[in-house]
Amino acid sequence: CFWGPFGTGKTGLAVGYLREGVYHDWETKGGRVLFRSVPRLMTELRATYNRDKDSETPTEAEVLNVYTRCSMLALDDLGAENVRNTGWLEDRLYQIIGERHENERLTLFTSNLSLEALAGRIGERVTWRIVEMCGKERIVNVDGPNLRL
């Protein structure tokens with residue numbers, strides 16, 4: 001889990017880790033490796049609510065399955081999502097993160113928020129699952145100058 005100010009390279013570190021994992025086939029076993037920003041993931045889930053019965057658009061359950069069952073997943077910008085119903089957000093994140101936690105699937109997280117601030121945004125239950133998955137010693141504060149300037 002990488003957290004810290006924007007522009008310090010957290011996303012690049014997560015992508016590098018995923019690439020290294022694929023190259024060495026750490027946890028992938030030939031399975032799917034995904035990188036997704038959490039705001040984009042939430043948009044993807046919301047889009048399932050407007051689908052027609054006969055549509056080829058996936059259902060919410062199908063979208064959730066993609067993220068719970070892939071071999072390696074990086075969730076980028078956790079806490080940056082903009083939703084009015086925080087209960088909905090917490091539930092969807094818990095479904096993904098809780099399932100991955102239970103099945104010990106490799107999951108990376110990036111956020112601009114500290115653990116305390118993240119807990120206030122996505123709920124303590126989800127945040128503590130993240131801490132358990134990563135281990136406190138692997139929650140890294142990535143600090144430094146903005147590399148985008």
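In this structure, the side chains of Trp3 and Thr110 stay at 4.5 Å or more apart for every pair of heavy atoms. Between Leu41 and Ile96, the closest side-chain pair of non-hydrogen atoms falls below 4.5 Å. Inter-residue side-chain proximity for Met133 and Arg100 is flagged as met; some heavy-atom pair is nearer than 4.5 Å. Side-chain contact between Asp91 and Gln95 is present, with heavy atoms from C-beta onward closer than 4.5 Å. In this structure, the side chains of Val140 and Cys1 stay at 4.5 Å or more apart for every pair of heavy atoms. Contact check for Asn146 versus Thr8: no side-chain heavy atoms found under the 4.5 Å cut-off. With a 4.5 Å cut-off on side-chain heavy atoms, Leu78 and Leu118 count as touching. The side-chain heavy atoms of Val38 and Asp77, taken from C-beta on, include no pair separated by under 4.5 Å.
When the side-chain hydrogen bond (donor to acceptor under 3.5 Å, both in side chains) test is applied to Thr68, no partner is found at least two apart in sequence or on another chain. Shown here are the side chain to side chain contact (heavy atoms under 4.5 Å, CB included) partners of Glu56, two or more places apart in sequence or in another chain: there are none.
Summarising the geometry, atom CG belonging to Leu89 is positioned 5.5 Å from atom CE belonging to Met42; distances are rounded to the nearest 0.5 Å. Atom CD1 in Ile130 sits 7.5 Å away from atom CG in Leu93 (nearest 0.5 Å). Here the straight-line distance linking atom CE of Met72 with atom CG of Leu106 works out to 4.5 Å at 0.5 Å rounding. Distance CH2/Trp88 to CZ/Arg46: 5.0 Å, rounded to 0.5 Å. Here the straight-line distance linking atom OG1 of Thr107 with atom CG of Leu73 works out to 5.5 Å at 0.5 Å rounding. One finds the CZ atom of Phe35 at 15.5 Å from the OH atom of Tyr17 (value rounded to the nearest 0.5 Å).
Counting heavy atoms of neighbouring residues, nucleotides and ligands inside a 6.0 Å radius, atom CZ of Arg40 does not exceed 12 of them. Applying the 6.0 Å contact sphere to CH2 of Trp128 captures no more than 12 heavy atoms from other residues, nucleotides or ligands. Heavy atoms from other residues, nucleotides or ligands lying under 6.0 Å from CZ of Arg19 number 12 at most.
Note: the hydrophobic cluster containing Val22 also contains Leu18 (ILVMFWY, side chain heavy atoms under 4.5 Å, direct or indirect links). Tyr49 and Leu64 fall within a single hydrophobic cluster, where Ile, Leu, Val, Met, Phe, Trp and Tyr side chains are chained together by heavy-atom contacts under 4.5 Å. No continuous path of ILVMFWY side-chain contacts below 4.5 Å connects Phe109 to Leu115, so the two sit in separate hydrophobic clusters. Ile97 and Val66 fall within a single hydrophobic cluster, where Ile, Leu, Val, Met, Phe, Trp and Tyr side chains are chained together by heavy-atom contacts under 4.5 Å.
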Point to revise | Phe6 and Arg148: CA distance, side-chain angles, deciding distance, side-chain contact (heavy atoms from CB on, under 4.5 Å) verdict | key: CA-CA 9 Å; Phe6 65 89; Arg148 295 179 187 151; 4.0 Å; yes

Review point. Should Leu75 and Leu108 be marked as a side-chain contact (heavy atoms from CB on, under 4.5 Å) after you check the CA-CA gap, both sets of side-chain angles, and the distance that decides it?
Key: CA-CA 6 Å; Leu75 292 174; Leu108 303 169; over 6 Å; no

Exercise for review: Applying side chain to side chain donor-acceptor pair (under 3.5 Å), run through Ser71 and Arg32 and close with a yes or a no.
Suggested key: CA-CA 5 Å; Ser71 297; Arg32 195 168 189 188; over 6 Å; no

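Nearest heavy-atom pair across Thr127 and Gly123 is OG1-O, 2.8 Å. Taking every heavy atom of both residues into account, Cys70 and Leu34 meet most closely at SG-CD1, 3.9 Å. A pairwise comparison of heavy atoms in Val63 and Pro58 identifies CG2-CG, 3.8 Å as the closest pair.
Thr48 places no side-chain N or O within 3.5 Å of a backbone atom of Glu44 that could act as its donor or acceptor partner. A donor-acceptor pair is defined here as one N or O able to donate and one able to accept, closer than 3.5 Å; such a pair exists between the side chain of Glu62 and the backbone of Thr59.
Among residue pairs with one or both ends in residues 130-143, those qualifying as side-chain hydrogen bond (donor to acceptor under 3.5 Å, both in side chains) are His101-Glu132; sequence neighbours excluded.
Cation-pi geometry between Arg129 and Tyr94 is not met at under 6.0 angstrom from the ring centre and within 45 degrees of the axis.
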